[in-house]
Amino acid sequence: MSNDQSQPLISETNKHSLDQRPESPQRPSKFPKVNDDAGNDVVEGEEQKESVTRTMNPNPRLQRYLIAIEYIGTRFAGAQQQPNCRTVVGVLQEAFQKFIGQPVSVFCSSRTDAGVHALSNVCHVDVERISKRKLGDVLPPHEPLVVKRAVNHFLQKNEGDIMVIDVRFVPADFHARYKAQERTYFYRLLSGPESVSSFERDRAWHVPENLDLLAIQKACNILIGRHDFSSFRAAACQANSPIRTLDELNVIEVVSTPFFPSISERLKSSCVMEDPTVSLGSDTNHSQISLNTNEEKLEGSNGDACQEFGLRRRHRCFVVTARARSFLYHQVRLLVGVLKSVGAGDLTDPDVKRILEAKSITAAPPMAPACGLYLGHVKYDLPPETNQS
């Protein structure tokens, strides 16, 4: 199906063994669950959502922190802790233990797969600050900024591919996974015949075809809304229902990163700085510069433009955004697989409708690989910040 399915880091057996592990004291066990695109359990329904507001951490000596983290997923076997594998939760727990001197349990809002990145995944952790001088004395909790700096200190001594970007106090009953109201995923595609840059390897899906942006945008409109997404649901999905509401699905073209201005771009920028009254014009605005001025070109002996030696051609870069309260397992990557096929001219709008109405994954093209997927944002209705639980 996709590149990540062949990776030995996570087997289907491991996935099932994780799902069958004993219930944690902090994990409600009586509510129906669904899966997001990373196989993340999400409580369904407003009644269940209110039910999990009960106190799950009765120890008043513990302070619960909400932690936002970013990471490059390439060298992780996924977010969820697994035996004998390097995982996001495992590395984060190790850093916390080095900071406070005792083990902790970290709970993530989304359990991303191997190779999937995160601009902001959110976790919660309970910490008891015990005096190292007077054994048994409990001290006031560390301030969030102290936690952020200290944990990052130990994380950077690891591989340097994960970092805490935000920390705050939350009440003892606040659960990072079950309190999430909305998740946003991004998917990056690089389009063009040139081989992928070393700087972009494992950070995007490279497709050699020249993708049709307008065709992809039209296909997105077909898939937005409340549907039976059985055709975009991996076989291992454990959700009770394939019905989901896709609040947003769109694609835009952006400048490929890392971006360094060409000579012509630098000259145009200098002209504007020297004379602010000079307009770049609609044909030379910044978006045009970023997207279309892909390389320096020289005029050859026959009058045709040719590539200057030693300069790499830039790919066209597309970002697909998918936003919903919850997703089915591998739903986003299956959606991107269809959108890519539309952009390449292999599928049409009627084909997209046919795949959606087929309600079978066998009707869909192969899903996109994990390397282009980014968990972008997890939205919460956060309570007022307090100093301690």
Side-chain angles (χ1 to χ4, degrees), residues 4-5 7-29 33-43 52 56-57 62 64-118 120-128 147 150-152 154-165 167 170 174-180 183 236-238 329-330 370 373-375 378:
D4 70 322
Q5 285 188 327
Q7 295 182 19
L9 291 174
I10 300 181
S11 65
E12 290 299 321
T13 303
N14 287 339
K15 289 180 182 178
H16 290 299
S17 65
L18 285 171
D19 292 335
Q20 294 170 1
R21 66 187 182 280
E23 291 288 335
S24 163
Q26 296 194 18
R27 179 177 178 179
S29 59
K33 313 283 197 326
V34 297
N35 296 109
D36 71 2
D37 187 64
N40 176 57
D41 293 330
V42 181
V43 179
V52 298
M56 290 179 278
N57 171 20
L62 295 175
R64 180 160 294 187
Y65 295 91
L66 196 64
I67 302 170
I69 55 174
E70 65 177 16
Y71 51 86
I72 300 168
T74 308
R75 292 191 293 273
F76 287 106
Q80 192 70 8
Q81 191 170 19
Q82 303 172 57
N84 305 317
C85 291
R86 183 173 185 263
T87 64
V88 172
V89 165
V91 170
L92 197 56
Q93 289 180 165
E94 181 181 346
F96 262 97
Q97 184 167 356
K98 290 178 178 178
F99 167 41
I100 64 172
Q102 55 186 323
V104 299
S105 294
V106 173
F107 296 84
C108 279
S109 64
S110 297
R111 298 184 293 181
T112 54
D113 284 340
V116 176
H117 317 290
S120 179
N121 196 349
V122 181
C123 316
H124 77 255
V125 61
D126 295 327
V127 173
E128 184 178 32
V147 174
V151 174
N152 277 336
F154 292 107
L155 288 176
Q156 296 314 299
K157 288 187 174 183
N158 202 286
E159 297 287 340
D161 51 2
I162 177 173
M163 178 175 285
V164 174
I165 60 174
V167 180
V170 289
F174 193 95
H175 199 287
R177 187 187 305 171
Y178 302 121
K179 289 288 189 177
R183 292 169 172 83
C237 182
Q238 298 179 354
Y329 188 46
H330 286 168
L373 184 61
Y374 295 72
L375 173 58
V378 184

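Just so it is clear, the values below take in all heavy atoms, side chains as well, and ignore hydrogens, waters and symmetry mates. Index from 1, following the sequence.
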Roughly how far, to the nearest 0.5 Å, is NE2 of His117 from CG of Leu373?
8.5 Å
Going by ring-ring contact (aromatic ring centres under 6.0 Å, His included), His124 matches just one of Tyr65, Phe107, Phe174. Which one?
Phe107
To the nearest 0.5 Å, what is the distance between CZ on Arg75 and CD1 on Ile162?
11.5 Å
Please identify each residue that fulfils side chain to side chain donor-acceptor pair (under 3.5 Å) with Glu70, with sequence neighbours left out.
none
Spacing of Asp113 atom CG and Gln80 atom CD [to the nearest 0.5 Å]
11.0 Å
When you measure from the side chain of Asp126 to the backbone of Ser105, do you find a donor-acceptor pair of N or O atoms at a distance under 3.5 Å?
no
In the structure I gave you, are the side-chain heavy atoms of Arg86 and Val91 within less than 4.5 Å of one another anywhere?
yes
Please report the closest heavy-atom contact between Ala370 and Ala114, naming both atoms and the distance.
CB-O, 3.4 Å
Kindly say whether Ser109 contributes a backbone atom to a donor-acceptor pair with the side chain of Arg183 at under 3.5 angstrom?
yes
Does the side chain of Leu92 come within less than 4.5 Å of Leu155's, by heavy atoms?
yes
Looking at residues at least two apart in the chain, or sitting in another chain, which of them share a side chain to side chain donor-acceptor pair (under 3.5 Å) with Tyr374?
none
Measure the spacing between CD of Glu94 and NZ of Lys157 and express it to the nearest 0.5 Å.
12.0 Å
What pair of heavy atoms forms the shortest contact from Ala176 to Val122, and how long is it?
CB-O, 3.9 Å
Check: Asn152 side chain, Val164 main-chain N or O, donor-acceptor pair, under 3.5 Å
yes
When rounded to the nearest 0.5 angstrom, what distance separates CD1 in Ile72 from CE in Met163?
10.0 Å
For the residue pair Tyr71 and Val116, what are the closest heavy atoms and their distance?
CE1-O, 3.7 Å
Which residues share a side chain to side chain donor-acceptor pair (under 3.5 Å) with Glu159, sequence neighbours left out:
none
Nearest heavy-atom contact between Val378 and Ser120 is CG2-O, 4.0 Å
Tell me whether Gln81 contacts the main-chain N or O of Gln93 through its side chain, where contact means a donor paired with an acceptor under 3.5 Å.
no
